[in-house]
Number of protein chains: 2
Amino acid sequence: MGRSDHRLGGSQLPATPTTLADVAERAGVSRQTVSNAVNNPDLLRPDTLERVRQTIAELGYSPNRAARNLRTRTSSLIGLRFAPAQEGTANAAMDRFVHSLVEASQEVGYHVLLFPGDDEDPIGGYDNLLRSTAVDAFVVTDTYLGNPQASWLSEQRAPFVAFGRPWDDEEARHVWVDVDGAAGTRLATQHLIDRGHTRIAWIGWRKDSPIGEDRRSGWLKTMHANGLSTTGLASRVEDVVHSGAEAAAVLLDESEPTAFVCASDTLAMGVLHTLWIRQLAPGRDIAVVGFDDSQVAQVFPVGLTSVRQPLEDVAVEIVNTLSLLLTHQPIDTWGVLLEPTLAIRESS
Amino acid sequence: MGRSDHRLGGSQLPATPTTLADVAERAGVSRQTVSNAVNNPDLLRPDTLERVRQTIAELGYSPNRAARNLRTRTSSLIGLRFAPAQEGTANAAMDRFVHSLVEASQEVGYHVLLFPGDDEDPIGGYDNLLRSTAVDAFVVTDTYLGNPQASWLSEQRAPFVAFGRPWDDEEARHVWVDVDGAAGTRLATQHLIDRGHTRIAWIGWRKDSPIGEDRRSGWLKTMHANGLSTTGLASRVEDVVHSGAEAAAVLLDESEPTAFVCASDTLAMGVLHTLWIRQLAPGRDIAVVGFDDSQVAQVFPVGLTSVRQPLEDVAVEIVNTLSLLLTHQPIDTWGVLLEPTLAIRESS
DNA sequence: ATGAAAGCGCTAACAT
DNA sequence: ATGTTAGCGCTTTCAT
């Protein structure tokens with residue numbers, strides 16, 4: 001069945017896409033040989049390979065994804081539940097992470113498929129994609145307390161890597177990549193100590209957040225390791241600007257700190273607000289460090305020093321681990337902890 | 001060929017996924033009938049439908065995506081090139097838009113596939129996905145001047161909808177959805193006029209940005225419509241905080257405006273910086289309005305009034321149009337322009 | 001090193 | 001209203 005609708009040098013796609021058979025016929029080889037030229041070029045004699053490759057280029061052939069997926073029972077797709085950044089907070093880390101993930105996935109021949117989350121039915125989206133074999137694996141980002149996704153996926157024996165430690169679950173036996181929050185606040189606190197500060201306050205989240213407690217511990221340990229007191233210097237509030245501002249006001253009145261380390265850029269913005277009201281200059285009078293290196297930290301007129309998560313590295317690590325999982329290679333470590341850095345700006 | 005690995009009430013996925021044939025055998029109908037039960041339930045007798053549906057539920061059957069895709073020559077996937085938010089600017093609109101797109105797509109049975117952009121080869125990613133029939137359509141977001149993607153996709157007769165007008169290209173014959181930037185700045189300017197301001201300055205982008213010029217025109221026309229002079233009240237700079245701050249300083253010195261309308265939140269942040277340095281209170285002494293309602297505007301201690309793009313509506317409109325395109329239904333309008341709103345905060 | 005045959009799971013077209 | 005047949009485009013298996 002000859003086909004005549006190819007625009008060889010043309011710019012328009014043929015009405016019906018070029019197939020393996022088209023290439024085979026034109027190159028005078030079998031379909032299998034074309035398939036090998038694409039997937040196992042080593043099997044071909046150099047001259048055959050060259051001829052087939054040229055025909056592929058001429059016809060602009062690209063293997064049909066659906067057919068390949070059906071045959072190989074793979075999709076080359078990684079599923080990611082995409083929850084939006086919360087309005088009113090500075091946490092736009094997701095954006096940077098997703099981009100890194102897309103790039104890293106591309107490197108190993110994968111694409112990222114986004115699906116929405118449903119709070120009513122947190123595993124619904126996962127279940128659908130899994131049953132219909134629409135994705136090969138998942139990246140799970142929301143591993144907060146009591147989140148059923150990771151354990152559910154484990155039960156299903158579905159390949160996935162979590163961004164975030166299984167804080168609450170001793171039993172968890174899945175692979176994860178995370179950023180060492182305590183190391184980040186250690187970096188921040190030591191930075192302030194090196195600048196001569198001794199009364200460094202902490203403004204963090206409520207006690208039921210393991211991530212928050214982890215970040216808090218970095219501050220606490222670094223203070224103590226340097227023989228500094230932390231009495232009356234810590235506050236736990238909700239992650240909103242207003243709460244950060246209030247906490248800063250109280251701390252300033254009661255404990256006279258000269259610097260603040262915050263669990264988030266959102267809280268740091270609150271501190272800056274209080275400083276502004278009191279006519280205190282950030283960086284000169286009082287130092288402030290945030291967490292996440294959000295756009296807010298970068299755009300704020302008085303650049304906000306902030307702990308920056310190495311999201312690019314996280315993505316690469318996740319994709320590499322996923323590759324191992326999907327090729328059934330042995331995983332040497334269940335968890336990888338990456339070190340954040342400190343983006344130093346005027347506020348310290 | 002009977003199969004015995006189904007865990008009917010169990011929580012684990014069968015080693016080999018359930019297929020149409022499994023359901024058909026178990027329900028005592030033909031494969032086609034099962035297919036119809038899923039895709040054309042109207043064709044079945046109610047009792048048959050019920051029986052098949054129950055079997056589907058029992059076995060936890062979900063159609064294999066690859067097989068369906070191969071057969072129907074569709075993928076139910078919408079491709080989106082995901083470029084990261086630029087560091088150092090406040091433009092995190094992408095994040096919100098992507099989420100809206102994912103949600104809207106889900107509603108009509110589509111998922112969003114992300115692929116990375118390559119500045120060297122802007123159409124490479126599109127070409128690959130198109131040739132391999134990996135996606136049904138694209139959403140194109142970066143329709144700036146001289147961007148070849150839209151025209152290239154048009155040439156290929158690939159289904160796509162652009163978020164953004166084809167500013168430069170009179171010839172463009174593709175479908176687009178955009179937000180009326182001029183209406184946004186009109187809203188902002190009128191808001192300030194209603195508040196009693198008469199000397200309202202504009203800080204925008206360089207002249208070669210059609211989006212910038214569009215936004216500028218909203219300010220200009222509203223000023224003139226209200227009989228207000230604009231002489232010496234406009235400035236065109238690069239979209240960075242520093243430039244916004246400088247422009248504000250110059251304008252304050254030379255033209256004594258009482259309010260600023262900016263082409264972006266980034267520039268507005270610059271204005272706020274200058275006000276801070278000069279001990280002027282935003283909102284009380286000088287009013288400021290930004291554009292994009294970014295997280296920066298929301299988190300900034302003195303809440304920044306900002307023009308908010310209706311990205312949720314944009315996504316819905318795009319997906320609806322895409323649905324029409326993909327089902328070869330007639331499109332009534334080539335372009336849709338949506339109205340932004342004004343998020344009013346303390347800075348005005 | 002290359003080719004032929006089979007079949008992945010589904011749905012369009014046709015037949016009953 | 002339901003069943004039968006064929007084939008989407010590819011890769012795995014086996015034969016040459």
Side-chain angles (χ1 to χ4, degrees), chain A residues 1 3 6 14-53 55-56 59-76 109 130-134 136, chain B residues 1 3 14-53 55-56 59-76 109 130-134 136 327:
Chain A
M1 43 119 132
R3 294 179 39 192
H6 305 303
T16 229
T18 309
T19 73
L20 202 84
D22 298 332
V23 177
E25 191 189 3
R26 194 164 217 269
V29 295
S30 75
R31 290 177 4 220
Q32 186 50 40
T33 300
V34 180
S35 175
N36 284 336
V38 174
N39 302 308
N40 301 88
D42 296 347
L43 294 181
L44 299 207
R45 228 176 29 218
D47 60 321
T48 318
L49 180 59
E50 181 49 39
R51 201 169 75 249
V52 175
R53 281 204 166 138
T55 312
I56 288 176
L59 299 181
Y61 168 71
S62 185
N64 179 300
R65 273 314 242 261
R68 171 178 281 178
N69 294 350
L70 175 57
R71 186 64 241 232
T72 60
R73 295 166 175 285
T74 61
S75 65
S76 298
L130 202 52
R131 300 198 107 87
S132 57
T133 59
D136 290 343
Chain B
M1 43 122 119
R3 295 179 38 192
T16 225
T18 310
T19 72
L20 200 85
D22 298 331
V23 178
E25 192 188 2
R26 194 165 217 270
V29 296
S30 75
R31 287 170 6 202
Q32 186 53 42
T33 300
V34 180
S35 176
N36 284 337
V38 174
N39 302 307
N40 301 89
D42 296 347
L43 294 181
L44 300 207
R45 224 174 34 215
D47 60 322
T48 318
L49 179 60
E50 181 50 39
R51 200 169 77 248
V52 175
R53 281 205 165 138
T55 311
I56 287 176
L59 299 181
Y61 167 71
S62 185
N64 179 300
R65 275 311 242 262
R68 170 179 283 177
N69 294 350
L70 176 57
R71 184 65 245 232
T72 61
R73 294 167 178 284
T74 62
S75 65
S76 298
L130 203 53
R131 301 198 106 87
S132 57
T133 58
D136 290 345
T327 52

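Just so it is clear: chains get the letters A, B, ... in the order the sequence lines come, proteins before strands, and each one is counted from 1.
- Minimum atom distance to the side chain of B:Thr33 is reached by D:dT2, of the listed D:dT11, D:dT2, D:dC10.
- Between the CG atom of A:Leu43 and the P atom of D:dT11 there is a distance of 13 Å, given to the nearest Å.
- Atom CD1 in B:Ile56 sits about 10 Å away from atom P in C:dC10, given to the nearest Å.
- Looking at every heavy atom in both residues, A:Thr19 comes nearest to A:Tyr61 through C-CE1, 3.5 Å.
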Practice item. Any chance you could lay out the side chain to side chain contact (heavy atoms under 4.5 Å, CB included) test for A:Arg53 and A:Leu44, step after step, and finish with the verdict? Key: CA-CA 11 Å; A:Arg53 281 204 166 138; A:Leu44 299 207; over 6 Å; no
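- Considering only the side chain of A:Asn64, D:dC10 comes nearest among D:dC10, C:dC10, D:dT12.
- At least one side-chain nitrogen or oxygen of B:Thr48 sits closer than 4.0 Å to the OP1 or OP2 atom of D:dT2.
- Rounded to a whole Å, the CG atom of A:Leu20 is 13 Å from the C1' atom of D:dT12.
- In this structure, A:Asn40 places its CG atom 15 Å from C1' of C:dG3, rounding to the nearest Å.
- Remark: the backbone N or O of B:Pro63 is not paired with any side-chain donor or acceptor of A:Ser132 at under 3.5 angstrom.
- Not one side-chain nitrogen or oxygen of A:Thr72 sits closer than 4.0 Å to the OP1 or OP2 atom of D:dT11.
- Distance from the side chain of A:Tyr61 is smallest to D:dC10 among C:dC10, D:dC10, C:dA12.
- Nucleotides of DNA chain C nearest to A:Leu44 and B:Arg65 differ in position, and the one nearer the 5' end is that of A:Leu44.
- Checking the phosphate oxygens (OP1, OP2) of C:dC8, no side-chain nitrogen or oxygen of A:Arg73 falls inside 4.0 Å.
- Straight-line distance from the CD atom of A:Glu25 to the C1' atom of D:dC10: 17 Å, rounded to whole Å.
- Phosphate proximity of D:dT2 to B:Ser30: absent, as no side-chain N or O sits under 4.0 Å from OP1 or OP2.
- Of all heavy-atom pairs spanning A:Val29 and A:Thr48, the tightest one is CG1-CG2, 4.2 Å.
- Put simply, the side chain of A:Thr55 never gets that close to the backbone of A:Arg26: no donor and acceptor are under 3.5 Å apart.
- B:Pro17 and A:Thr133 get closest at one heavy-atom pair: CG-CG2, 4.2 Å.
- Rounded to a whole Å, the CG atom of B:Leu59 is 15 Å from the P atom of C:dG9.
- Between the side chain of B:Arg31 and the base of C:dT11 there is at least one donor-acceptor pair of N/O atoms closer than 3.5 Å.
- Distances from the side chain of A:Arg71 to the nucleotides D:dT2, D:dC10, D:dG7 place D:dC10 closest.
- Of the candidates D:dA1, C:dG3, C:dA1, the closest approach to any side-chain atom of B:Arg45 belongs to D:dA1.
- What separates CG of A:Asp47 from P of C:dT2 is a distance of 7 Å, to the nearest Å.
- Computed from coordinates, the A:Asn69 CG to D:dT11 C1' distance equals 12 Å when rounded to whole Å.
- Candidate nucleotides D:dC10, D:dT2, C:dG9 were compared by shortest atom distance to the side chain of B:Ala67, and C:dG9 ranks first.
- For D:dT11, one of the phosphate oxygens OP1 or OP2 lies less than 4.0 angstrom from a side-chain nitrogen or oxygen of A:Asn39.
- The side chain of B:Leu70 lies closest to C:dG9 when the candidates are C:dC10, C:dA4, C:dG9.
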